[in-house]
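Taking it in order: structure first as structure tokens, then the write-up.
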Amino acid sequence: MSSNRIPRVGIGGPVGSGKTMLIEQIVPILSAKGYKAGIISNDVVSKEDADRMRQNLATEKGLVPEELVIGVATGGCPHTAVREDPSINLSVVEEMESKYNYLDLILIESGGDNITTTFSPALADYFIYIIDVTGGDKYPRKRGLGIENCDLLLINKIDIAPYVGADLKIMERDAKIVRNKKPTVFVNSKTGQGVDIVVSYIIRDLLFEASPKTLVNN
Amino acid sequence: MDTDIDRVDISLLQMSDSFFPTGLYATSNGLESLSQIKKLKRKDISRFITIHLRQVIGPSDCTALGNAYESCRKRDFASLLTADKSLYFMRMVEETRSASVRSGNQLLKCVSSFTKYKKVLRDYQNAIRNGNATGVYPVSLGVATWSLDIPKNKAGLILFYGFAVSVIGAALRLGILEHLERQQIIHELRPVILESIMKNIERPISNMWQFAPGLDILQMKHEMMDSKMFIT
Ligand SMILES: Nc1nc2c(ncn2[C@@H]2O[C@H](COP(=O)(O)OP(=O)(O)OP(=O)(O)O)[C@@H](O)[C@H]2O)c(=O)[nH]1
Ligand SMILES: [Mg+2]
């Protein structure tokens with residue numbers, strides 16, 4: 001079973017911090033390099049995010065088959081669905097693994113939740129936590145399991161930092177302190193600024209620089 | 001040494017715990033779509049669960065569970081597959097069917113990670129992998145409880161209790177019940193649960209049935225809902 005395991009990225013973060021938009025930026029970059037991704041989106045009260053990504057990444061851009069963008073409802077418990085009882089997500093992942101073994105990775109968006117969210121290691125191999133500047137520059141300093149434990153911390157919406165009075169230097173300094181040198185990247189998921197760095201972390205730390213499966217097999 | 005209790009009792013508690021990882025907390029079994037049509041009260045919730053137990057979970061799920069359990073006891077693998085298929089094809093609504101398959105498969109995976117008696121679990125999982133079985137939840141529960149030495153009737157308790165708790169949990173999160181009402185309803189349901197087990201767990205698979213067209217329609221409506229918190 002484990003030999004079929006497709007590497008998985010868990011993407012967590014508060015409501016509206018930019019998880020879906022980040023995936024919409026990541027997939028085209030991965031795809032241009034030949035990497036194929038499946039997408040699972042946990043939504044708290046709707047399938048809007050899955051529908052949006054399916055429309056954008058599958059129907060319009062043709063980067064992913066439509067059936068590889070799957071929405072999962074969480075019974076109103078987004079953290080449970082990725083941590084305490086990840087069984088529904090695991091089922092969907094395992095179905096993808098058995099039907100679409102050519103995939104290089106699976107991206108799993110958690111429902112928007114509070115700052116203590118983490119992913120079960122049984123579900124995700126690489127954990128990205130994304131916050132945005134609108135909570136103020138105190139955010140990294142206030143810690144929380146997500147911010148402290150994730151493999152990669154993203155601070156999104158840097159374009160609006162001046163309008164909410166968030167000092168990115170302070171955020172960078174504090175993130176370094178609470179994260180014990182694990183990486184933090186500033187991004188703008190609307191324009192894609194910084195997302196290429198995120199992708200290079202994924203390729204290095206999750207895929208260990210492996211070439212895309214479909215390229216290797218051809 | 002006190003003989004009133006043994007290790008199996010702990011397995012029984014473990015399997016009934018709402019933290020047992022089968023994703024049941026994310027199912028409302030049609031309650032979410034009913035709550036969109038009608039302002040629900042406390043008595044509607046007990047009634048909703050009672051109808052479910054008498055018309056669906058009892059005569060179909062519990063019967064499949066009982067038959068699966070017996071198949072394991074008699075080492076009759078063919079009849080286990082029959083129970084699996086019969087129940088799978090009886091679940092007409094896709095959403096409900098696939099939720100049951102997903103929960104069942106995760107249940108098998110979880111139990112096989114700790115039980116000593118693995119053979120029938122492994123055979124059943126192989127059959128699922130080869131497309132000869134589906135792993136629907138009640139049948140998986142029958143296999144799992146048998147492998148843990150949990151008595152058959154008590155396996156029935158796990159099935160009904162788990163169902164009731166998942167609907168009641170959904171009612172709580174939908175803002176229909178408060179936390180004390182939740183416990184009161186579980187308490188009230190005790191006779192219905194016992195009656196449903198006694199009536200159905202020995203039923204032969206050929207007499208399995210379900211009849212709740214109103215509930216079927218609710219679950220179909222749920223499939224079409226755009227905005228929803230629950231899987232079913
Ligand atoms: N200005 C600005 N807006 C952004 C940025 N990234 C995302 N947004 C906006 O923020 C809003 C939320 O983005 P989503 O990607 O839906 O956020 P999410 O984390 O997936 O939200 P939920 O899944 O609902 O918790 C959208 O309106 C985006 O347009 C950014 O870098 N800059
Ligand atoms: Mg989203």
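Proteins get letters first, then strands, A, B, ... in listed order; numbering begins at 1 in each.
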For [X] and [Y], which I'm curious about, is there any donor-acceptor pair between the side chains at under 3.5 Å?
| X | Y | answer |
| --- | --- | --- |
| A:Ser41 | A:Asp43 | no |
| A:Glu66 | A:Thr59 | yes |
| A:Gln25 | A:Ser189 | no |

### Under 4.5 Å from a heavy atom of chain B, the part of A:Ser98 involved
neither
### Query
With only heavy atoms counted, which part of A:Glu48 is less than 4.5 Å from chain B, the side chain, the backbone, both or neither?
neither
#### Entry: B:Asn105 versus chain A, the contacting section by heavy-atom distance below 4.5 Å
neither
### Task
Answer with side chain, backbone, both or neither: which region of B:Arg102 has an atom nearer than 4.5 Å to a non-hydrogen atom of chain A?
both
#### Entry: Among B:Glu32, B:Met225, B:Gln106, residue most engaged with chain A (heavy-atom pairs, under 4.5 Å)
B:Gln106
#### Entry: Residue pair B:Leu24 / B:Thr27: nearest heavy atoms and the distance that separates them
O-OG1, 2.7 Å
## Note on the structure
Answer key: most heavy-atom pairs under 4.5 Å with chain B among A:Ala81, A:Gly111, A:Pro86 is A:Ala81
### Task
For A:Lys33, look at atom NZ and say whether over 12 heavy atoms of other residues, nucleotides or ligands are found less than 6.0 Å away.
no
